[in-house]
Amino acid sequence: MKKQKLGLALAAVLLLSGCGGIEKMPETTVTVDDKGTVEELLLEDFSDETYNEEELTAQINELVEAYNKEAGSEAVSVKSMQVKDEQAKVQLEYQSVADYRGFNQVDFFAGSVKEAQKEGYAFASDFTDAKGKDASTAKIPDGCENQQVIIIREPMQVLVPGTILYVSKNMKVVNESQARLSADEDTDSESQVTTQAYGYVIYASDK
C-alpha cells in the first residue's frame, strides 16, 4: 500500500464524483510508543460538497482490510475517523514500524540511534539542537547512540514520546516534543509523497 493511496482514499471519491495526544494535533502527525506501536493522524481537506463521507470510510477500511489479510493479523487498525469543519481526520494504529513501512510503502524508522546505524541509516546530514544551535559532528551519531530516533521521508509532523535533543537541518522544531519535515523547495507540498532527504529527530525517551 503506497502512502499516497491513503491520501487518495481521502480524495478518491472527489475524483469519482467528477472532481497533547496525537488526536489533538492540528496537522498530519506520526508518533511511536516505547513498545514500537506507531500511530498516525491524517488530516485532509473535506470542503467539496460532492465528497461523500460514507465512501471515504469504505475506501479506507478496504485498504486496511486488504493489508491485514495479506499480513495475516490485525496489523493496522482505524482508531477513529470523522469529518468536522470541512476536514477529514483519520487516526490509524500500526502494530510495528514494519507494518507502517509495509502499509504505506515508504521508508520509516523508530528505535535507538545505534539500531538505526546497524540498519544502514547514515545520519548524513547537518544537525542542530532543539534550540537551533549547530550540533557537533562528534555527537551525532556516535555520541548519542543510546538515544532514540525517528527517521522519516514524508512531509509531516513528528511527535516524540520524550524530549527532542537534535534534528536534521531539514526539520523544524515546533516545541520540545514536536518537529516538522516540510516538503522540498520548489515542489507542491500537497502532492509530494516523500522528500529527497531523510528527516531525523533524535530524542531522550520519557521511559
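Residue indices begin at 1 and follow the sequence shown.
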* To do: Establish, from distance only, whether the side-chain atoms of Glu40 and Tyr100 form a donor-acceptor pair under 3.5 Å.
  => yes
* If you take all heavy atoms of Val97 and Ala110, which pair is closest and at what distance? -> CG2-CB, 3.8 Å
* Following the transitive rule for hydrophobic clusters with a side-chain heavy-atom cut-off under 4.5 Å over Ile, Leu, Val, Met, Phe, Trp and Tyr, establish whether Leu56 and Tyr67 coincide in one cluster. => yes
* Heavy atoms, side chains only, cut-off 4.5 Å: are Val38 and Asp99 in contact? -> no
* **Residue pairs passing the salt bridge (Lys or Arg N to Asp or Glu O under 4.0 Å) test where at least one lies in residues 106-128, sequence neighbours excluded** => Arg101-Asp107, Arg101-Glu119
* Asked: With a 4.5 Å heavy-atom cut-off, do Gln91 and Val78 have their side chains touching?
  -> no
* Supply the atom-to-atom distance Gln95 CD to Phe103 CZ, rounded to the nearest 0.5 angstrom. => 13.5 Å
* Set of residues satisfying side chain to side chain contact (heavy atoms under 4.5 Å, CB included) with respect to Arg180, sequence neighbours excluded -> Glu27, Gln157, Lys172, Val174, Ser182
* Can you find a pair of side-chain heavy atoms, one from Tyr94 and one from Asn104, that are under 4.5 Å apart? -> yes
* To do: May I ask you to test the Asn146-Ser112 pair for a side-chain heavy-atom distance under 4.5 Å?
  => no
* **Student check: side-chain heavy atoms of Thr128 and Val167 closer than 4.5 Å** => yes
* To do: Let me see the working for Val201 and Val149 under side chain to side chain contact (heavy atoms under 4.5 Å, CB included), right down to the final yes or no.
  => CA-CA 5 Å; Val201 184; Val149 62; 5.7 Å; no
* To do: Check side chain to side chain donor-acceptor pair (under 3.5 Å) between Thr31 and all other residues, then give those that pass, not counting sequence neighbours.
  => none
* What do the steps show when you test Phe46 against Lys84 for side chain to side chain contact (heavy atoms under 4.5 Å, CB included), and what is the final call? -> CA-CA 8 Å; Phe46 202 84; Lys84 185 178 181 181; over 6 Å; no
* **side chain to side chain donor-acceptor pair (under 3.5 Å) partners of Thr28, counting only residues at least two apart** => none
* By side chain to side chain contact (heavy atoms under 4.5 Å, CB included), which residues pair with Asp34, not counting sequence neighbours? -> Lys207
* To do: Taking Asn68 for its side chain and Ala75 for its backbone only, find out whether a donor-acceptor pair lies under 3.5 Å.
  => yes
* Which atom pair, heavy atoms only, marks the closest approach of Ile22 to Leu41? -> O-CD2, 3.0 Å
* Asked: What residues form a side chain to side chain contact (heavy atoms under 4.5 Å, CB included) with Thr137, not counting sequence neighbours?
  -> none
* Val158 versus Met171, closest heavy-atom pair with distance -> CG2-CE, 4.2 Å
* Return the set of residues passing side chain to side chain contact (heavy atoms under 4.5 Å, CB included) with Asn175 (not counting sequence neighbours), or none when no residue passes. => Ser177, Gln178
* Asked: Any sub-3.5 Å donor-acceptor pair from Asp184's side-chain atoms to Gln196's backbone N or O?
  -> yes
* Are Val30 and Ile60 connected in a single hydrophobic cluster, I mean Ile/Leu/Val/Met/Phe/Trp/Tyr linked by side-chain heavy atoms less than 4.5 Å apart? -> yes
* Asked: Would a 4.5 Å heavy-atom cut-off, applied to side chains only, mark Ile151 and Phe108 as touching?
  -> no
* Whether Asp129 side chain and Lys131 backbone form a donor-acceptor pair below 3.5 Å -> yes
* Say you draw a straight line from SG of Cys144 to NZ of Lys139; how long is it, rounded to the nearest 0.5 Å? -> 9.5 Å
* To do: For side chain to side chain contact (heavy atoms under 4.5 Å, CB included), just list the numbers for Gln147 and Leu165, CA-CA rounded to whole Å, side-chain angles, deciding distance to a tenth of an Å, and then say yes or no.
  => CA-CA 9 Å; Gln147 302 294 351; Leu165 301 175; 3.7 Å; yes
* To do: Write down the atom of Val64, the atom of Leu92, and the distance for their closest heavy-atom approach.
  => CG2-CD2, 4.4 Å
* Asked: Which atom pair, heavy atoms only, marks the closest approach of Ile164 to Ala130?
  -> O-CB, 3.5 Å
* Asked: ring pair (Phe, Tyr, Trp, His ring centres under 6.0 Å): which pairs involve residues 122-157, sequence neighbours left out?
  -> Phe123-Tyr200, Phe127-Tyr200
* To do: Name all pairs fulfilling the salt bridge (Lys or Arg N to Asp or Glu O under 4.0 Å) condition that reach into residues 73-83, sequence neighbours left out, sorted by first residue then second.
  => Glu39-Lys79, Lys79-Glu93
* Structure fact -> Taken in chain and number order and not counting sequence neighbours, the residues that satisfy side chain to side chain donor-acceptor pair (under 3.5 Å) with Asp134 are Lys169
* To do: Determine, stepwise, if the pair Val32 / Ile150 fulfils side chain to side chain contact (heavy atoms under 4.5 Å, CB included).
  => CA-CA 8 Å; Val32 62; Ile150 294 177; 3.6 Å; yes
* Asked: Partners of Gln117 by side chain to side chain donor-acceptor pair (under 3.5 Å), sequence neighbours excluded?
  -> Asp142
* Is it the case that one hydrophobic cluster holds both Ile202 and Val173, taking links as side-chain heavy atoms less than 4.5 Å apart, direct or via other members? -> no
* Asked: Relative to the ring of Tyr198, is the ring of Tyr121 parallel (under 30°), tilted (30 to 60°) or perpendicular (over 60°)?
  -> perpendicular
* What heavy-atom pair brings Met25 and Gly21 nearest, and what distance separates the two atoms? -> CE-O, 3.6 Å
* To do: Would you check if Pro161 and Asp33 make a side-chain contact, meaning some heavy-atom pair closer than 4.5 Å?
  => no
